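Since we're looking at a predicted model, the values are computed, not measured. As the structure lists them, so they are numbered: ligands from 1, and atoms in each ligand from 1. We use all heavy atoms of the structure for the numbers below, so side chains are in, but hydrogens, waters and symmetry mates are not.
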Amino acid sequence: MAKKKAATKKRGTNGATKNDVGLIGLAVMGQNLVLNMADHGFSVSVYNRTTAKMNEFIEKCEAEEPSANRVHGYAKLKAFVQSIAKPRKIIFLVKAGRPVDMVIDELLPLIDKGDILIDGGNSEWLDTIRREKDLAAKGINFVGSGVSGGELGARFGPSLMPGGSKEAWKSLGPIWRAIAAKVDKKTGAELQGAEPGKPVKGGETCTAHLGPDGAGHYVKMVHNGIEYIDMQLICEAYAILRGLLGMKPDEISKVFEDWNTGELSSYLIEITADVLQQKDPVNKRKFFVDSVLDAAGQKGTGKWTAMNALDIGIPANAIGEAVYARCLSALKEQRVAASKVLKGPKVKVIKSNRKKYIDMVCDALYCSKICAYAQGFQLMAEAQKEYNWKLNFGEIAKIWRGGCIIRARFLQKITDAYTKDKKLQNLMLDPYFKKAIHGSQDNWRKIVSMCAEHGISAPAFGSALAYYDGYRSEVLPANLLQGLRDYFGAHTYERVDKKRGQFFHVDWPDPKRPQYKV
Ligand code: 6PG
């Protein structure tokens with residue numbers, strides 16, 4: 001049974017008889033966020049639809065300090081709401097979509113004007129805009145906040161990306177700032193507490209108020225789009241090292257370990273090294289990766305990023321390619337059948353100069369990564385116009401330096417780039433990144449062409465390179481495209497010798513339709 005603490009006892013940081021904050025949804029992320037808040041001195045009311053699960057969690061909390069005195073379970077939603085100090089801050093971590101609306105509907109009759117509801121799931125930003133508007137009309141603050149970092153992030157310091165009103169941020173800020181990951185101000189390296197659960201002292205916190213309504217969830221969605229492409233690039237690098245150089249997973253693991261000491265240093269590179277050296281728990285003679293079916297899953301945030309890029313006309317092709325690569329992988333049975341009938345070049349394993357080729361793959365990975373981030377930031381730059389936000393890109397890169405899945409040394413350079421030039425049009429134009437691409441592009445090009453030559457599918461490497469070459473092209477063949485559109489559909493065209501925005505049309509002759517005059 002959920003045990004209720006004496007109502008007169010002082011709780012958490014507010015020095016009152018009520019708890020500082022409430023949380024609904026005690027799956028692992030929710031539980032860990034609660035423990036993280038308790039570590040930082042906040043008293044937390046918790047509620048879960050399945051009471052047995054909550055009781056189990058409360059028992060676990062009661063077994064240890066500091067959660068023993070700071071986490072309080074309530075079997076009834078009304079009692080849960082009443083146990084929270086006003087203005088109430090109620091976080092929920094439930095599945096995106098309908099479940100979020102259901103939680104809001106259940107809470108509405110129980111809460112008061114000025115209370116703050118915080119959706120910490122991966123909700124679509126348009127839903128968040130809608131919910132914020134509806135609730136604001138009722139006097140309720142609604143915050144859509146990205147929470148990144150998986151289970152461990154939630155427990156010891158996630159990256160938190162909140163949107164919503166400034167008023168809501170005033171109340172939520174102290175909690176979010178306390179529990180978020182902390183990084184060294186200069187290097188961006190993540191800081192650790194003296195031991196797990198011990199709050200980190202000093203450092204910059206990986207959260208900031210990103211803007212009104214859906215801004216937080218939008219930024220989190222782009223974070224996930226970048227997460228998709230980061231992982232796809234890693235997988236392509238692995239495929240090249242394996243296919244072209246004939247390396248075994250544990251050898252490739254060492255390469256990633258080495259890359260993790262340089263410019264590519266990041267959480268995803270670090271865990272790739274771990275996964276690749278792992279042996280299959282069922283058959284210890286095999287590498288784990290060889291026992292995993294090559295059919296990727298996805299929950300939708302990468303797809304939303306790519307779809308929104310198409311909607312607002314921003315070429316985020318590498319991010320889109322990462323989504324398509326997952327879709328292609330999922331067609332496992334078709335690929336198996338096609339592998340038996342569709343011919344390609346036979347991969348010739350390169351036996352000499354391994355180090356040279358590994359360095360080339362490293363360069364290709366780094367350049368592609370710069371392009372992918374350039375696309376993500378450009379997407380946010382366009383979206384802010386659409387939704388009336390004023391996103392601070394330096395700040396966004398800053399709060400991604402620690403806690404989240406895409407945390408990387410590289411993000412410090414992005415922070416620096418946007419701090420120097422707030423209006424930077426494209427990350428590739430920043431002097432640091434421009435120099436990096438200039439220095440490494442020869443190898444990038446060689447790797448892309450070697451993949452084509454040897455029949456290794458590396459869509460993200462290739463697509464990022466096409467983006468780079470397209471972006472730096474003064475003239476693209478879209479002139480011909482416009483001519484064709486004007487020919488068959490009178491869609492008109494702009495001229496190189498006239499100001500933008502003036503449209504022209506040619507009365508095209510059609511030899512097969514003589515009734516049209518020249
Ligand atoms: C994070 C992650 C997380 C996401 C998973 C699953 O920032 O902690 O982005 O929010 O839900 O990574 O994503 P897919 O199942 O779509 O790969």
> Among protein heavy atoms, which sits nearest to atom 16 (O) of ligand 1, and what does the distance come to when rounded to 0.1 Å?
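Sorting protein heavy atoms by distance from atom 16 (O) of ligand 1 puts Tyr228 OH, 2.5 Å first.
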> Are any of the N/O atoms in Gly297 less than 3.5 Å from those in ligand 1?
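Such a contact does not occur with ligand 1.
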> Compute the centroid of each ring, for Trp400 and then for Phe377, and state whether the two points are separated by less than 6.0 Å.
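Trp400 vs Phe377: aromatic centres under 6.0 Å.
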> With a 4.0 Å heavy-atom cut-off (strictly under), which part of Arg326 contacts ligand 1: side chain, backbone, both or neither?
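It is the side chain that gets close, since no backbone atom is under 4.0 Å.
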> Does this structure show an ion pair linking Arg242 with Asp290, if we count only N-O contacts that are shorter than 4.0 Å?
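The answer is yes: the pair qualifies as a salt bridge.
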> Any chance the rings of Phe410 and Tyr373 have centres within less than 6.0 Å?
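Between Phe410 and Tyr373, the centre distance is under 6.0 Å.
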> Can you tell whether the side chains of Asp101 and Arg131 come within less than 4.0 Å, N to carboxylate O?
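Here Asp101 pairs with Arg131 in a salt bridge, since their nearest N and O are under 4.0 Å apart.
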> Please list the nearest protein heavy atom to atom 6 (C) of ligand 1 with its residue and the distance rounded to 0.1 Å.
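Answer, as residue, atom name and distance: Lys299 NZ, 3.7 Å.
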> Identify the protein heavy atom lying closest to atom 9 (O) of ligand 1, giving its residue, its atom name and the separation to 0.1 Å.
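Checking every protein heavy atom, the shortest distance to atom 9 (O) of ligand 1 gives Glu227 OE1, 2.6 Å.
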> Examine Ser148 against ligand 1 and note whether any of their N/O atoms are separated by less than 3.5 Å.
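Between Ser148 and ligand 1, an N or O pair is found under 3.5 Å apart.
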> For His223, take its heavy atoms, then give the atoms of ligand 1 lying under 4.0 Å from any of them.
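Near His223, meaning under 4.0 Å from one of its heavy atoms, ligand 1 has 7 (O).
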> Within the 4.0 Å heavy-atom shell around Asn122, which atoms of ligand 1 are there?
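In order of numbering, the contacting atoms are 3 (C), 4 (C), 10 (O), 11 (O).
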> May I have the step-by-step check of side-chain contact (heavy atoms from CB on, under 4.5 Å) for Leu93 and Ile24, ending in yes or no?
CA-CA 6 Å; Leu93 285 150; Ile24 299 175; over 6 Å; no
> So if I count the atoms of ligand 1 from 1 in the order they appear, which ones are less than 4.0 Å from some heavy atom of Asn224?
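Per the distance check, 4 (C), 7 (O), 9 (O), 10 (O).
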> Is the centre of the Tyr218 ring less than 6.0 Å from the centre of the Trp389 ring?
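Close enough - the centres of the two rings lie under 6.0 Å apart.
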> Using a strict threshold of under 4.0 Å (side-chain N to carboxylate O), is an ion pair present between Arg130 and Asp213?
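Salt bridge absent between Asp213 and Arg130.
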> Counting heavy atoms not belonging to Lys420, are there more than 12 under 6.0 Å from its NZ?
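More than 12 within 6.0 Å, yes.
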> Tell me the protein heavy atom at minimum distance from atom 8 (O) of ligand 1, and give that distance in Å.
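In this structure, atom 8 (O) of ligand 1 has Gly149 N, 3.0 Å as its nearest protein heavy atom.
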> Please determine if Ile405 has a nitrogen or oxygen closer than 3.5 Å to a nitrogen or oxygen of ligand 1.
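By distance alone, the answer is no.
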> Tell me whether ligand 1 is touched by Cys404 - counting only heavy atoms on the residue side and a distance under 4.0 Å.
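The answer is no, since Cys404 has no heavy atom less than 4.0 Å from ligand 1.
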> Any non-hydrogen atom of Gly302 lying under 4.0 Å from ligand 1?
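Flag not set, Gly302 not near ligand 1.
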> Any nitrogen or oxygen of Lys220, main chain or side chain, under 3.5 Å from a nitrogen or oxygen of ligand 1?
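In this structure, Lys220 places an N or O atom under 3.5 Å from an N or O of ligand 1.
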> Is there a salt bridge (charged side-chain N to carboxylate O under 4.0 Å, His left out) between Glu190 and Arg401? Walk through the geometry before answering.
CA-CA 7 Å; Glu190 195 164 310; Arg401 289 176 303 173; over 6 Å; no
> Applying side chain to side chain contact (heavy atoms under 4.5 Å, CB included) between Ile90 and each of Val103, Ile111, Ile118, Ile104, report the one that passes.
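That would be Ile111; it is the only one of Val103, Ile111, Ile118, Ile104 passing the side chain to side chain contact (heavy atoms under 4.5 Å, CB included) with Ile90.
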> Which atoms from ligand 1 have a heavy atom of Gly150 less than 4.0 Å away?
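Going through ligand 1 atom by atom, the ones under 4.0 Å from Gly150 are 8 (O).
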